[in-house]
Amino acid sequence: PTRAAFLWFPVVGALLGLALGMIWWATDDLLGGLAAAALVVAADLALTGALHFDGLLDSADGLLPHLTRERRLVVMAEPHVGAFAVATGATTLLLRTAALAALGAARPLLLAALWCLSRTVMALTALTGRYARTHGLASSFLSDPAREDRPPLPRPAKEDRPPLSRPAEEDGPPTTRPSADVTPGDR
């Protein structure tokens, strides 16, 4: 994609939201509010190829645990799913379903507006934000000359974390705390 693709994000979002709203409207009376809401959430995952959901899970695995910047980027690029991703994904699906069900009657235009707004925010963030790396799904957006004069993301200072173990007291063995760094074999 190019920068011009960002202009279509709100339009595609509105169309997607309208399609989901129509699914909600068509199934609300047949299935009841909760089942219709769950179907809408499932349809959203199917229609988007779960691309945004996958990004959320990758972000949860990389950003929620206490990891170094370099390790975060490695974890987010791995195809494995960790505990933080599972917890975030389950919570998100439950909250999205509950939020739709709580709205009561189906509102297709409301979903069209919300999905349009979410894609607009996504496009604005991509246009104005800085990327953590130069490769990946968003790399095609990095060739913009306006981006090249922005300074790179600052490197965080070395984390001041306590050591993994401390010396033994006179009356007992050394105590340890588990490492927050996750290795590929642990995931």
(message) Working to the nearest 0.5 angstrom, can you tell me the gap between F9 CZ and L16 CG?
(response) 12.5 Å
(message) Are W25 and L30 connected into the same hydrophobic cluster when the rule is that any two of I, L, V, M, F, W, Y join if their side-chain heavy atoms are below 4.5 Å apart?
(response) no
(request) Can you measure from CG (L18) to CH2 (W24) and round to the nearest 0.5 angstrom? (result) 12.5 Å
(message) With a 4.5 Å cut-off on side-chain heavy-atom distances among I, L, V, M, F, W and Y, is there a chain of contacts connecting V40 to L45?
(response) yes
(message) Between D61 and G82 (side chain of the first, backbone of the second, donor and acceptor by atom type, cut-off under 3.5 Å), is there such a pair?
(response) yes
(message) Nearest 0.5 angstrom please: D58 CG to R72 CZ, how far?
(response) 14.0 Å
(request) With rounding to the nearest 0.5 Å, note down the distance linking CG in L39 to CG in L34. (result) 11.5 Å
(message) Counting C-beta onward and ignoring hydrogens, is there a side-chain heavy-atom pair between V74 and E78 closer than 4.5 Å?
(response) yes
(request) Measure across A37 and A101 and return the closest heavy-atom pair with its distance rounded to 0.1 Å. (result) CB-N, 3.6 Å
(message) If hydrophobic clusters are built from ILVMFWY residues whose side chains come within less than 4.5 Å, do L20 and L93 share one?
(response) yes
(message) Distance check, rounded to the nearest 0.5 Å: T88 atom OG1 versus F53 atom CZ?
(response) 9.0 Å
(message) I need the L67 CG to L73 CG distance, nearest 0.5 Å.
(response) 10.5 Å
If you look only at distance, which donor and acceptor atoms sit under 3.5 Å apart when one is on a side chain in residues 107-124 and the other is two or more places apart or in another chain?
| from | atom 1 | to | atom 2 | distance (Å) |
| --- | --- | --- | --- | --- |
| R107 | NH1 | L103 | O | 2.5 |
| R107 | NH2 | L103 | O | 3.4 |
| W115 | NE1 | D44 | OD1 | 3.4 |
| S118 | OG | W115 | O | 2.9 |
| T120 | OG1 | C116 | O | 2.8 |

(request) Give the minimum heavy-atom separation between A36 and T27, together with the two atoms involved. (result) CB-OG1, 3.4 Å
